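To find a chain, count down the sequence lines: A is the first, B the second, and so on, and within it residues start at 1. Just so you know, these numbers come straight off a predicted model, no measurement behind them.
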Amino acid sequence: MPKPRPIRRDFFARSVHEIAPELIGATLLVGGVGGRIVELEAYHHTDPAAHSYNGVTERNAVMFGPPGTVYVYRSYGIHWCLNFVCEPAGSASAVLIRALEPTEGLARMRRRRGLSEERLLCSGPGRLAEALGVTHAHNGLALDRAPFELYARTEKPDIAVGVRIGITKAAELPWRYGIAGSRYLSKPFK
DNA sequence: TATGAGATCAACT
DNA sequence: GTTGATCTCATAC
């Protein structure tokens with residue numbers, strides 16, 4: 001195995017549409033627990049589905065901050081969802097990390113998630129956050145500092161593209177990316 | 001395999 | 001009061 005190369009914050013100071021496919025296959029750890037990113041979605045500030053579309057609120061404030069920052073929001077009143085802020089500060093764009101192939105800290109993930117088969121540990125944004133212990137306490141933290149670790153992929157996977165999941169606004173935009181055929185996706189690609 | 005309810009909160013109308 | 005970047009469990013087919 002080649003030595004993993006850390007991804008630094010400046011990686012994120014570009015178009016979210018360039019970043020999103022490049023992050024597929026990267027390794028994300030939180031407190032040493034995590035795995036390979038197999039699915040994510042892009043949200044651009046000009047996109048009606050983005051939280052930042054209607055301007056700053058208390059919830060989405062970190063989206064308007066510097067790139068390479070972690071944005072965590074509560075979903076459906078129940079779950080936490082993990083995002084990485086992209087583009088130059090003020091652009092308020094982000095990628096939602098939707099699924100991981102678990103590789104590190106399997107035992108801790110299982111404990112946090114309760115009895116659960118490996119395939120379901122991180123296959124969805126809410127599940128992923130629970131398995132990695134991500135909460136609002138992580139909102140606004142830098143991605144290249146503890147407890148976060150992010151490493152570039154060593155090989156380019158076969159990347160699938162599709163429409164985003166669970167949204168009604170701008171639902172037709174093909175801004176969901178994933179590893180084609182991975183069994184850890186929240187849903188298969190068409 | 002598919003559909004539906006419930007959990008529970010921030011933003012918006 | 002309604003909706004939403006969700007998940008789990010129950011019930012129906």
Phosphate-side-chain proximity, A:Arg113 and C:dT8, N/O vs OP1/OP2 below 4.0 Å
yes
Looking across every strand, which nucleic acid part, if any, lies under 4.0 Å from A:Gly77 by heavy atom: base, sugar-phosphate, or nothing?
base
Roughly, in whole Å, what's the span from OH in A:Tyr53 to P in C:dG4?
15 Å
Any chance the side chains of A:His136 and A:Tyr73 put a donor and an acceptor closer than 3.5 Å?
no
Check the side chains of A:Thr69 and A:Arg9 for a donor-acceptor pair under 3.5 angstrom, ignoring hydrogens and angles.
yes
Hey, does the side-chain of A:Tyr76 have a donor or acceptor N/O within less than 3.5 Å of a partner on the base of C:dA5?
no
So, A:Thr46 versus A:His44: side-chain donor-acceptor pair below 3.5 Å or not?
yes
Tell me whether the centres of the aromatic rings in A:His138 and A:Trp80 are closer together than 6.0 Å.
no
Look at the side-chain N and O atoms of A:His51 and state whether any lies under 4.0 Å from the OP1 or OP2 oxygen of B:dA11.
no
Quick check on B:dC9: is either OP1 or OP2 less than 4.0 Å from any side-chain nitrogen or oxygen of A:Arg59?
no
From the options B:dA11, C:dT8, C:dT6, select the nucleotide whose nearest atom is closest to the side chain of A:Ser75.
C:dT6
Report the base-pairing partner of B:dT8 (Watson-Crick or G-U wobble, both distances below 3.5 angstrom), or none.
none
In whole angstrom, give the distance that lies between atom CD of A:Glu130 and atom C1' of C:dC7.
9 Å
Donor on one side chain, acceptor on other, A:Tyr184 and A:Glu39, under 3.5 Å
no
If we call it a pair only when both distances are under 3.5 Å in a Watson-Crick or G-U wobble match, what pairs with C:dA5?
none
Output the single nucleotide from C:dA5, B:dA11, C:dC7 whose closest atom is nearest the side chain of A:Tyr43.
C:dA5
Taking CZ from A:Arg74 and P from B:dA11, how many angstroms apart are they, rounded to a whole number?
12 Å
Under a 4.0 Å heavy-atom cut-off, which of residues 167-190 of chain A touch DNA chain B?
none
How many whole angstroms separate atom CG of A:Asn60 from atom P of C:dG4?
17 Å
Under 4.0 Å from any atom of DNA chain C, heavy atoms only: list the residues of residues 78-89 of chain A that qualify, in numerical order.
A:His79, A:Asn83
